[in-house]
Chemist: 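Got a structure here, written out as structure tokens. Questions coming.
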Amino acid sequence: MSAFAQIAVDLSAEAVDRLFTYAVPEGMAVSPGQLVAVPFGPRTLEGFVVSLSDACELPPERVKPILRVVREEPVVLPDLMELAEWMHVRYLCTLVDALRLMLPAEMRGGRVREKTRRYAHLALSGDALEAFVAANRRAPKQLELIDALRRGDAETAGLDAAALRALAKKGAVEFYDSERRRTPRALADERRTADPEPMPEQRLAVARLTEALERGGGRFLLHGVTGSGKTEVYIRLIRRALELGRTAVVLVPEIALTPQMVAWLHARFGGDAAVLHSALSAGERFDEWRRIRSGEARVVIGARSAVFAPVQNLGVIVVDEEHETTYQSDRRPRYDARAVAWKRAQQHGAVLLLGSATPSITTYMRAMPGVRPENRLELIELRQRVKGRPLPEVEVVDMRGEFERGNHSIFSARLASQLRACLDGGHQAMLFINRRGHSTFVSCRACGYVVKCDQCDVSMTWHQAENALRCHYCGKTLPPPKQCPNCGSGYIKYFGAGTQKVQEEVARLFPDARVARMDVDTTREKDAHARILERFRSGDANVLVGTQMIAKGLDFPNVALVGVVAADLSLNLPDYRSVERTFQLITQVAGRAGRAEVPGRVVVQTYEPDHYGIQLSAAQDYRAFYTRESAYRRAALYPPFTVIARIVYSARDPEAAKAAAEADEARLGAFLDEAGAREDAIQLKAAEAPIRLLRGEARWQLLLKLYFKADMDAVAERMQALADAAPEGVRAELEINPNNMI
Ligand code: ADP
Ligand code: ZN
Ligand code: ZN
């Protein structure tokens, strides 16, 4: 037995980001990955046992003993320990930050336990029981209870407590505890369905993937058009993995938005499937985690953090809709679940399968010729929808023409007539607008003043339901002004449209429509997503209005029409990925139409009908889009040809944020000079962040753009050190290729 343990104490601070040595007391069994309690200064803290040793270089009086073992079973398995160490280096986070991702938050500090119930059991039987009954004729409550228990053990919670106590005292009843698992709602339904016969393309894809699985792993991009049946490919590959005694993890962008994926996997894998996500109660999450940890559940479905599920002998990791931004964490540790999945698949000799109809430019590039083997993905394509169903027909409507013809409504004549025809035919429609609320901004016709949040420097959105202006960044609300706060004019106008306005317009123009709306505002309550989608699925609603929430993976057979109300909203954001995002959104949402017998139609409304992002998504031509977009990125020096790193400085005092950014600009410049890396830098600049005020804090940024071939690890490490050393009163955060440059 080892005498010493190296422990990562459960405190997230750079200053304690190292291992501390403790003595293992005589008779205590400790193993790596275990959670233990240790003295730390004046406090008792929990810590993760990282390694064990027989000797220790410290003088004995400096080594304190472990106080106790918090949980018997190691909570971090060896491969996950190794993964945490890899993340520690790769994402410049503390080891504890990485370790914390490996178990449900509530398990630390013992905030959840196995849920047990107490049962009562008859301790007497036969003659002894009859004699007892005879002797207790005067206690009818106790006799009633005995009769109940003759039929079987019962949970004490439902029984008469006084009678039970009396019986226990007389030795007629005894108690035992039994564990009861909390079953998440999404899995409560126990149907299993049969596999459909695969299409030829699906069959080929599965053959290639299972072959890789059997010969020790591989990395693949499954590029399949919308409705090509990617899920079926995942399922068959997973089934093979289970046959081989291995396990699988399926990552989805957001569980609440992909109830169908959960339902399908559950229908096929029954109790083998487990679901992990943040909307579970603490108890449910803990129980699911333990079901996975024990090997009882072998297929795990979850959002980003499910990549850390404690499965053993992993055979397959699927990342569905791999282009979604949710796979990248925007909190520390800022990990990318796709990169972590890549690493985990490597550890286990598993198959990594990224799937999408619209892969991110970065991912697709890795599936192109000329990529180094260690970065390469093999491309598998599904070019056809299942059963040879056609892709939907897409029309682009030029909204400038509508305006000239005197149609000032948010619906073009074309979209309105298609919606009429769709409803008359008894079909369903989805209307997509990437903006919630009613009007996008409120402005003065006389002087141009736009109402902005005084905490955030962004324009406020009018929400009709509460008749208030709301800031989408900090949530602050204001009553809408009757007069311009700037010039006093009464010509206050509401511009642009959001989901509420679209819903209202549908109700006004089509009184017979039954409209459901899905956006952040209608889905605040638990299970609200599921209820809205169910209303639409059942046909109770025949029009679904929503934000990008409705663009992901949904499969409703009766949808004949998809309307993209304002395709330009995401096109002109100040972000180099705005065209890519627009292409993805339009292609994905268009792909919701015509997925079964009913043919699909799509109407895309735009003020820029000739833009290649609009044209190519209307044509649903991913390959042409990739060619065009990657040429643009190469010419304009954007990722994946370059790396964008920035430190964001936030402070109450704008001068402090500015001074910190400018001081670091000089320091980083000096570092680049010293390292001989100046030529690798395309841009190095301290400036106000695009949103210069957020939640009352001033924001500055230090932006660095580097050629991809540069030694990014060294530069990132230097930038992290600068961020860690930010002056008092300034918060500094390092971001590498962040999702949003706000
Ligand atoms: P994708 O994710 O590629 O858009 P899905 O996996 O959602 O496509 O599949 C689209 C629809 O086709 C689903 O309703 C699915 O059940 C069905 N489907 C998939 N494969 C087959 C098949 N081989 N035979 C019949 N239906 C299939
Ligand atoms: Zn004004
Ligand atoms: Zn605000």
Side-chain angles (χ1 to χ4, degrees), residues 193-206 222-236 250 252-253 258-261 263-265 267-268 318 320-323 353 355-359 380-389 391-392 442-461 469-478 481-493 537 551-559 587-598 600 620 691-697 699 742:
T193 53
D195 293 358
E197 192 56 30
M199 297 288 126
E201 283 186 325
Q202 289 174 320
R203 194 188 298 281
L204 275 171
V206 172
L222 179 63
H223 176 216
V225 299
T226 57
S228 58
K230 292 182 285 294
T231 315
E232 198 53 42
V233 174
Y234 306 156
I235 287 173
R236 286 179 176 257
V250 179
V252 295
T258 45
Q260 285 170 332
M261 175 68 86
W264 286 340
L265 290 178
R268 301 299 191 77
V318 172
D320 190 33
E321 312 283 1
E322 73 79 31
H323 60 279
L353 180 56
S356 178
T358 53
I380 300 181
E381 292 180 299
L382 303 177
R383 296 159 189 269
Q384 304 269 318
R385 283 190 155 185
V386 294
K387 305 247 167 102
R389 285 170 195 141
L391 281 166
V442 176
S443 145
C444 168
R445 278 261 160 116
C447 76
Y449 175 87
V450 174
V451 182
K452 288 187 166 183
C453 174
D454 63 355
Q455 297 292 304
C456 298
D457 195 36
V458 293
S459 53
M460 296 182 88
T461 303
L469 299 179
R470 181 193 279 275
C471 169
H472 285 181
Y473 284 86
C474 73
K476 180 170 175 151
T477 59
L478 283 180
K482 297 210 165 51
Q483 284 188 322
C484 172
N486 186 42
C487 73
S489 133
Y491 289 106
I492 290 283
K493 285 279 175 190
R537 198 202 57 75
K552 289 173 205 174
L554 297 174
D555 186 47
F556 296 111
N558 196 32
V559 173
T587 310
Q588 291 287 348
V589 76
R592 300 312 111 206
R595 293 171 71 86
E597 270 77 56
V598 188
Q620 298 170 79
I691 293 183
R692 55 197 179 141
L693 185 71
L694 194 64
R695 296 182 193 91
E697 287 186 322
R699 299 169 84 241
I742 63 165

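Read the numbers this way: they start at 1 and go in the same order the structure lists the ligands and their atoms.
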Chemist: If you measure from CD on Gln455 to CG on Leu693, what distance do you get to the nearest 0.5 Å?
Modeler: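 Interatomic distance, Gln455 CD to Leu693 CG, rounded to 0.5 Å: 6.5 Å.
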
Chemist: Any salt bridge between Asp320 and Lys230, counting N to O under 4.0 Å?
Modeler: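 The answer is no: the pair does not qualify as a salt bridge.
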
Chemist: Name all residues meeting the salt bridge (Lys or Arg N to Asp or Glu O under 4.0 Å) criterion together with Arg203; count only those two or more places apart in sequence or in a different chain, and write none if there are none.
Modeler: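 Partners of Arg203 by the salt bridge (Lys or Arg N to Asp or Glu O under 4.0 Å) criterion, ordered by chain and then number, come out as Glu197.
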
Chemist: Any donor and acceptor pair, going by atom type alone, linking the side chain of Arg445 with main-chain N or O of Ser489 inside 3.5 Å?
Modeler: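 Between the backbone of Ser489 and the side chain of Arg445 there is no qualifying donor-acceptor contact (under 3.5 Å).
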
Chemist: Who's the nearest protein heavy-atom neighbour of atom 6 (O) of ligand 1, and how far?
Modeler: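 Ranked first by proximity to atom 6 (O) of ligand 1 is Thr231 OG1, 2.6 Å.
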
Chemist: Please check if any side-chain donor atom of Arg385 sits under 3.5 Å from a side-chain acceptor atom of Thr226, or the reverse.
Modeler: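 Present: a donor and an acceptor within the cut-off.
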
Chemist: What residue and atom, counting heavy atoms only, is the protein's closest point to atom 22 (C) of ligand 1, and at what distance?
Modeler: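 Heavy-atom neighbour on the protein nearest atom 22 (C) of ligand 1: Glu197 O, 3.6 Å.
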
Chemist: Suppose we measure from atom 20 (N) of ligand 1 to each protein heavy atom; which comes out shortest, and what is that distance?
Modeler: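 Checked against all protein heavy atoms, atom 20 (N) of ligand 1 sits closest to Gln202 NE2, 3.0 Å.
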
Chemist: How many degrees, to 10°, between Cys471 SG and Cys453 SG as seen from the Zn ion (ligand 3)?
Modeler: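 Vertex the Zn ion (ligand 3), arms to SG of Cys471 and SG of Cys453: 110°.
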
Chemist: Starting at SG of Cys471, measure out to CG of Asp457 and round the result to the nearest 0.5 Å.
Modeler: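 Between Cys471 SG and Asp457 CG, I get 10.0 Å after rounding to 0.5 Å.
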
Chemist: About how many Å separate CZ of Arg695 and NZ of Lys476, when rounded to the nearest 0.5 Å?
Modeler: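 Separation between the atoms: 13.5 Å.
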
Chemist: To the nearest 0.5 Å, tell me how far Ile492 CD1 sits from Ser443 OG.
Modeler: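 Spacing of CD1 (Ile492) from OG (Ser443) equals 7.5 Å.
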
Chemist: What residue and heavy atom of the protein are closest to atom 4 (O) of ligand 1, and at what distance?
Modeler: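 Sorting protein heavy atoms by distance from atom 4 (O) of ligand 1 puts Gly227 N, 2.6 Å first.
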
Chemist: With atom 19 (C) of ligand 1 as the reference point, say which of Val386, Val225, Asp555 has the nearest heavy atom.
Modeler: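 The nearest heavy atom belongs to Val386.
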
Chemist: If you measure from each non-hydrogen atom of Pro198 to ligand 1, which part falls under 4.0 Å: side chain, backbone, both or neither?
Modeler: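 Within the 4.0 Å criterion, Pro198 contacts ligand 1 through backbone atoms alone.
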
Chemist: Less than 4.0 angstrom from a charged side-chain N to a carboxylate O is my criterion; do Glu697 and Arg692 meet it?
Modeler: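 The answer is no: the pair does not qualify as a salt bridge.
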
Chemist: Which of the listed options, Lys552, Arg203, Lys230, holds the heavy atom that is closest to atom 1 (P) of ligand 1?
Modeler: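 Among Lys552, Arg203, Lys230, the closest heavy atom to atom 1 (P) of ligand 1 comes from Lys230.
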
Chemist: Which atoms of ligand 1 sit under 4.0 Å from any heavy atom of Thr226?
Modeler: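 Here the atoms of ligand 1 in question are 4 (O).
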
Chemist: Compute the angle centred on the Zn ion (ligand 2) spanning SG of Cys447 and SG of Cys444, and express it rounded to 10 degrees.
Modeler: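 With the Zn ion (ligand 2) as the vertex, the angle is close to 110°.
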
Chemist: Looking only at protein heavy atoms, which one is nearest to atom 7 (O) of ligand 1, and what is the separation?
Modeler: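 Of every protein heavy atom, Arg595 NH2, 2.9 Å lies nearest to atom 7 (O) of ligand 1.
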
Chemist: Nearest protein heavy-atom contact for atom 8 (O) of ligand 1: which residue, which atom, what distance?
Modeler: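 For atom 8 (O) of ligand 1, the nearest protein heavy atom comes out as Gly229 N, 3.1 Å.
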
Chemist: Please report which non-hydrogen protein atom sits nearest to atom 16 (O) of ligand 1, along with the residue it belongs to and the distance in Å to one decimal place.
Modeler: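 Nearest neighbour among protein heavy atoms for atom 16 (O) of ligand 1, to 0.1 Å: Trp264 CZ2, 4.4 Å.
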
